[in-house]
A.B. asks: 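One structure is given below, represented as structure tokens, and several questions about it will come after.
To find a chain, count down the sequence lines: A is the first, B the second, and so on, and within it residues start at 1.
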Amino acid sequence: MQTLILNTSETFRFSSCLWYLHQWCDHECLHRIEVKTLKKAVRLNGNPVYFEISEPIPSQLTVNYVASGSHSATCDVLKEYITALFDLDTDLLPFYQLGEQDDLLEPVIQKLYGLRIVGIPDLFEAVCWAITGQQINLAFAYTLKRRFVETFGDCIEQEGHTYFIFPSSALVAQLSVSDLTALQFSARKAAYIIGIAKAITHQELTKAQLQTLPLEQAKERLVQWKGIGNWTANYVLMKSLQMQDAFPIEDVGLHNALKKLMKLPQKLDLPAIEQWAKPWSGWRAYLTFYLWQTLLDHE
DNA sequence: GTCCAGGATGGGC
DNA sequence: GCCCATCATGGA
């Protein structure tokens with residue numbers, strides 16, 4: 001077991017991120033939380049890596065990991081992965097300053113202080129998850145994801161627990177639609193996912209390329225692929241590329257959160273939401289992410 | 001039984 | 001360009 005330390009900024013709270021991860025922990029098949037420690041396995045540069053993240057000393061994220069390969073590069077790639085996972089490079093101060101000027105959001109932000117957009121650093125995983133979740137309720141989406149991961153993913157054993165690794169695009173590119181409809185994906189989603197798997201495997205769609213583009217161009221690039229509409233593109237840019245202004249405005253969860261927060265009899269329409277979110281320009285991904293959390297507490 | 005879920009697409013007009 | 005049926009299942 002090797003160790004990696006990541007120093008975190010004043011506007012980061014590991015406890016808030018753990019709280020977020022805990023919300024869907026029962027449904028999640030790609031990590032486990034145990035005594036304030038996040039445990040997970042991923043594939044980095046083709047090598048399976050198991051890691052545990054905790055915070056024994058305030059503002060020092062401690063990552064213990066086991067890598068199967070003997071690559072010294074693992075440390076750097078893992079550091080990159082964790083940085084994206086908790087969006088560590090972003091300073092939330094400007095976002096919080098905007099929050100102080102909004103009576104509706106101010107208490108929400110106070111409650112969630114230090115929460116980062118918990119990301120899905122792997123582009124293929126992020127797109128698959130977004131497509132899987134289209135139109136269906138989240139509980140069912142998690143069921144589909146679990147079947148997909150347990151059927152086509154690799155796994156590693158650690159201390160008596162099995163940790164699954166999200167299936168590689170190369171493997172999924174070889175599947176047929178019926179392989180996925182057998183797991184109760186719709187035929188359409190199955191075709192979308194296999195199409196994206198081929199695009200990523202053939203490097204026609206890469207994270208590195210998207211990272212060089214500004215938000216609007218990255219979005220245009222993404223929606224060229226079947227199955228990726230405006231919502232999915234924004235969701236992916238938000239969760240996988242840490243683009244702080246990505247705004248999945250069509251999201252029904254966002255609509256419900258606003259309706260609830262504003263105590264409205266019915267949902268706002270898209271132009272109204274667009275207008276309302278204008279002051280948050282630059283931070284609309286965080287705005288969305290924080291609003292989603294207001295749907296989870298049953299108060 | 002009905003309606004809605006963290007949407008996208010292709011057809012008809 | 002807008003409107004609408006379709007998808008595939010589960011939970012309220």
A.B. asks: Can you tell me the distance, in whole Å, between the CD1 atom of A/Ile193 and the P atom of C/dC7?
C.D. replies: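 To the nearest whole Å, that distance equals 18 Å.
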
A.B. asks: Checking all strands, does A/Leu254 fall into the base, sugar-phosphate, or nothing category for heavy-atom contacts under 4.0 angstrom?
C.D. replies: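 Here A/Leu254 touches no strand at all.
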
A.B. asks: Within this structure, what is the NZ-to-C1' distance between A/Lys226 and B/dT9, rounded to whole angstrom?
C.D. replies: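 My rounded result for the distance is 8 Å.
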
A.B. asks: Does A/Lys239 use its side chain to pair, donor to acceptor, with the backbone of A/Val118 at less than 3.5 Å?
C.D. replies: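 Looks like yes, one N/O pair under 3.5 Å.
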
A.B. asks: Any idea which heavy atoms bring A/Phe185 and A/Thr132 closest together, and the distance?
C.D. replies: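 So the minimum-distance heavy-atom pair works out to CE2-OG1, 3.5 Å.
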
A.B. asks: For nucleotides 2-5 of chain B, print each protein N/O atom paired with a nucleotide N/O atom at under 3.5 Å, atom names and distance only.
C.D. replies:
unit_1, atom_1, unit_2, atom_2, d
B/dA5, OP1, A/Lys267, NZ, 3.0
B/dA5, N9, A/Gln135, O, 3.3
B/dA5, N7, A/Gln135, NE2, 3.2
B/dA5, N6, A/Gln135, NE2, 3.1

A.B. asks: Between A/Phe140 (CZ) and C/dA12 (C1'), how many Å, whole number?
C.D. replies: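 So the CZ-C1' distance, A/Phe140 to C/dA12, works out to 16 Å.
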
A.B. asks: Keeping A/Lys226 on the side-chain end and A/Ile196 on the backbone end, is there a donor-acceptor pair under 3.5 Å?
C.D. replies: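 Not at all, since once roles are kept as given, no pair shorter than 3.5 Å links the two residues.
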
A.B. asks: Write down the partner of C/dG10 under the Watson-Crick or G-U wobble criteria, each distance required to be under 3.5 Å.
C.D. replies: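 Checking every strand shown, C/dG10 finds its partner in B/dC4, with both distances under 3.5 Å.
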
A.B. asks: Between A/Phe95 and A/Tyr290, what is the ring plane arrangement, given parallel below 30°, perpendicular above 60°, and tilted in between?
C.D. replies: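 The rings of A/Phe95 and A/Tyr290 stand perpendicular, inter-plane angle above 60°.
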
A.B. asks: Expressed in angstrom and rounded to an integer, what is the separation of A/Gln134 atom CD from C/dT9 atom P?
C.D. replies: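 It works out to 16 Å between those atoms.
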
A.B. asks: Under 6.0 Å between the ring centres of A/Tyr65 and A/Tyr50?
C.D. replies: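 No, ring centres 6.0 Å or more apart.
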
A.B. asks: Checking contacts here: which listed nucleotide (C/dT6, B/dG7, B/dG10) is nearest the side-chain heavy atoms of A/Thr232?
C.D. replies: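 It is B/dG7.
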
A.B. asks: For A/Gly133 and A/Gly227, find the nucleotide of DNA chain B closest to each by heavy atoms; which residue's nucleotide sits nearer the 5' end?
C.D. replies: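 Looking at DNA chain B, the more 5' nearest nucleotide goes with A/Gly133.
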
A.B. asks: Expressed as a whole number of angstroms, how long is the span from A/Leu144:CG to B/dG7:P?
C.D. replies: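 Computing the A/Leu144:CG to B/dG7:P distance gives 14 Å.
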
A.B. asks: Applying a 4.0 Å non-hydrogen cut-off, can you work out what A/Lys189 is touching in the nucleic acid: base, sugar-phosphate, or nothing?
C.D. replies: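 The residue A/Lys189 makes no contact with any strand.
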
A.B. asks: Just to be sure I understand the rule, does A/Trp225 reach a base, reach only the sugar-phosphate, or reach nothing, if contact means heavy atoms closer than 4.0 Å?
C.D. replies: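 The residue A/Trp225 makes sugar-phosphate contact but no base contact.
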
A.B. asks: Are A/Phe140 and A/Trp24 connected, step by step, through hydrophobic side chains (Ile, Leu, Val, Met, Phe, Trp, Tyr) whose heavy atoms are closer than 4.5 Å?
C.D. replies: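 No, because A/Phe140 and A/Trp24 fall into different hydrophobic clusters, even though each may have its own neighbours under 4.5 Å.
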
A.B. asks: Round to the nearest Å and state the distance from A/Arg188 atom CZ to C/dT6 atom P.
C.D. replies: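 Checked: the CZ to P distance equals 10 Å.
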
A.B. asks: So, does A/Ser16 use its side chain to make a donor-acceptor pair with the main chain of A/Tyr113 at under 3.5 Å?
C.D. replies: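 Yes: the side chain of A/Ser16 pairs with the backbone of A/Tyr113.
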
A.B. asks: Considering only heavy atoms, which members of residues 173-186 of chain A lie under 4.0 Å from some atom of DNA chain C?
C.D. replies: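 A/Gln184, A/Phe185, A/Ser186 - these, ordered by number, are the residues of the stretch whose heavy atoms sit under 4.0 Å from the strand.
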
A.B. asks: Please report, rounded to the nearest Å, how far the C1' atom of B/dA8 is from the CG atom of A/Asn234.
C.D. replies: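 Between C1' of B/dA8 and CG of A/Asn234: 14 Å.
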
A.B. asks: Who passes side chain to side chain donor-acceptor pair (under 3.5 Å) against A/Gln174, sequence neighbours left out?
C.D. replies: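 Checked A/Gln174 against side chain to side chain donor-acceptor pair (under 3.5 Å); zero matches.
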
A.B. asks: In whole Å, measure the gap between the P atoms of C/dC4 and B/dC3 for me.
C.D. replies: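 Result for the P pair: 16 Å, nearest Å.
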
A.B. asks: Between A/His22 (side chain only) and A/Cys17 (backbone N and O only), is there a donor and an acceptor less than 3.5 Å apart?
C.D. replies: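 No; zero donor-acceptor contacts below 3.5 Å.
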
A.B. asks: Quick one: closest heavy-atom pair of A/Ala233 and A/Lys219, and the distance?
C.D. replies: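 Distance-wise, the nearest heavy atoms are CB-CG, 3.8 Å.
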
A.B. asks: For nucleotides B/dA5 and C/dC2, find the distance between their C1' atoms and express it as a whole number of Å.
C.D. replies: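 That atom pair is separated by 24 Å.
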
A.B. asks: Find the distance A/Trp129:CH2 to B/dG7:P and express it as a whole number of Å.
C.D. replies: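 Going from CH2 in A/Trp129 over to P in B/dG7 covers 12 Å.
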
